[in-house]
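Atoms within each ligand, like the ligands themselves, are counted from 1 in listed order.
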Amino acid sequence: MSKQTEPLAVPALDLKAQYQSIRDEIDAVVREVIESQYFILGPEVSNFETEAADYCRAKHAIGCASGSDALLLPLMALGIGNGDEVITSPYSFFATAGAIWRTGAKPVFVDIEPDSYNIDPAKIEAAITPRTKSIIPVHLYGQTAEMDPINEIAAKHGLSVIEDAAQAIGSAYHGRRAGTLGNAAAFSFYPSKNLGGFGDAGMVTSDDPALSKSVARLRVHGMEPKYHHHEVGFNSRLDALQAAVLRVKLRHLDAWTEGRRTVASKYTTLFKEEGLEDFITLPEEREGNYHVFNQFVIRVPAVVRDDLRNYLAQNKIGSEIYYPIPLHLQLCFASLGHEPGDFPLAEAAANETIALPMYPELTDAMLSHVSETMAQFFASKQILPLDRKRNVA
Ligand SMILES: *Cc1c(COP(=O)(O)O)cnc(C)c1O
């Protein structure tokens with residue numbers, strides 16, 4: 001670093017900037033909920049459910065306590081449990097496989113496509129057994145999985161499909177929004193998601209009235225009416241405070257999503273101008289897809305990935321690895337008997353990807369600082385572009 005002045009800080013995420021822009025709206029609704037002293041479910045939650053269902057163009061939305069629960073609830077409603085198998089991606093946040101495991105079913109992994117990082121539909125059929133009940137495709141980083149072939153396979157084998165749309169609210173696949181592309185979908189409103197609450201929150205969407213009713217009942221201990229329990233659910237109620245915050249934020253979501261897409265295209269232009277395309281693989285939006293860029297994830301040679309992270313950090317640029325250990329190699333799933341090499345594309349992605357700062361409030365100066373720092377790093381490294389080709393396999 002030859003710079004005299006302190007480099008411009010570009011944190012990986014800056015939620016304060018978003019709050020500043022909507023502070024008055026948020027503070028007003030939070031005060032209203034506090035005045036009402038109505039904190040659990042109730043009118044704020046049902047209004048949010050109506051608005052969020054409309055937003056996703058789904059028939060039903062059921063608010064719940066987290067994105068993790070939003071995966072568990074439809075699995076339970078579909079009766080999935082001991083002895084069943086559920087197919088999913090090994091390259092996701094832990095909750096995807098964790099939810100399957102918690103029902104008593106076995107997660108069965110299918111490797112990803114190297115460019116979209118989503119489950120590869122061409123490899124799903126080979127993993128289907130007589131025990132298979134469901135498929136959970138993950139719309140990773142904000143771009144939907146290839147849902148048409150996945151739904152075709154599911155229909156052919158009588159399987160249900162649950163979208164893990166935790167990172168993908170507002171994304172679309174051939175004109176249809178995430179949340180309407182399977183039997184049910186799970187959304188997370190964890191603060192760093194595109195629609196983030198002030199704490200944990202989640203939502204299930206579905207067009208199936210019976211499934212939706214069952215999910216709504218399971219989130220209140222299987223209770224309907226009060227103190228009559230049809231099945232054993234658990235407490236996954238959504239708080240009114242979260243719903244009130246999310247209702248305000250939902251009105252801004254499309255503008256923020258456009259902001260994220262603008263940041264993504266500026267990154268792409270800047271990196272190309274710096275000649276970085278030989279060293280890094282940029283994220284791509286598939287034809288027919290609308291990518292909402294929860295994350296902007298690039299791929300670099302595994303040998304330099306951690307050095308690049310350190311170099312960015314020295315220059316006050318935040319970054320993250322989503323995710324460093326694929327799910328099939330997690331300690332808690334050792335009994336599944338997987339080994340390194342079982343899902344080579346997921347393993348390569350875990351070693352080669354790096355998420356750069358991504359939020360609509362990033363300024364041009366911040367984006368330039370990121371691309372210049374990246375260019376300095378690769379100029380100092382003398383990496384052969386071939387390295388990447390070999391590593392990507
Ligand atoms: C965030 C996330 C979840 C879990 O959501 P929580 O609200 O944190 O429980 C599940 N799947 C994916 C892909 C996620 O990114």
- Does the pair R57/D207 count as a salt bridge with the N-to-O cut at 4.0 Å? no
- Taking only heavy atoms of G67, which atoms of ligand 1 are found under 4.0 Å from at least one of them? 4 (C), 5 (O), 6 (P), 7 (O), 9 (O)
- Item | Closest approach of any protein heavy atom to atom 11 (N) of ligand 1, naming residue and atom | D164 OD2, 2.8 Å
- Would you check if S212 and V215 make a side-chain contact, meaning some heavy-atom pair closer than 4.5 Å? no
- Query: For ligand 1, which part of V138 has a heavy atom less than 4.0 Å away: the side chain, the backbone, both, or neither?
  - Reply: side chain
- Task: Considering only non-hydrogen protein atoms, determine which one is nearest to atom 15 (O) of ligand 1 and report residue, atom name and distance to 0.1 Å.
- Result: Q167 NE2, 2.8 Å
- Say whether S92 and ligand 1 are in contact under the criterion: heavy-atom distance to a ligand atom below 4.0 Å. yes
- for atom 1 (C) of ligand 1, nearest protein heavy atom and its distance come out as K193 NZ, 1.5 Å
- Neighbour count >12 (heavy atoms, 6.0 Å) for atom CZ, R286: yes
- Message: Residue-level breakdown please: for S68 versus ligand 1, do any non-hydrogen atoms fall below 4.0 Å on the side chain, on the backbone, on both, or on neither?
- Response: both
- When you measure from the centre of the six-membered ring of Y55, is the NZ or CZ of R177 under 6.0 Å away and within 45° of the axis? yes
- Give the residue, atom name and distance (to 0.1 Å) of the protein heavy atom nearest atom 7 (O) of ligand 1. S188 OG, 2.6 Å
- Here the atoms of ligand 1 under 4.0 Å from any heavy atom belonging to A166 are 2 (C), 3 (C), 10 (C), 11 (N), 12 (C), 14 (C), 15 (O)
- Query: Taking only residues two or more places apart in sequence or in another chain, which ones pass side-chain contact (heavy atoms from CB on, under 4.5 Å) with A243?
  - Reply: E44, V45, F48, L238
- Y190 atom OH, neighbour heavy-atom count above 12 within 6.0 Å: no
- Within a distance under 4.0 Å of any heavy atom of A95, pick out the atoms of ligand 1 and give their elements. 4 (C), 10 (C)
- Between H338 and F343, does the ring centroid distance fall short of 6.0 Å? yes
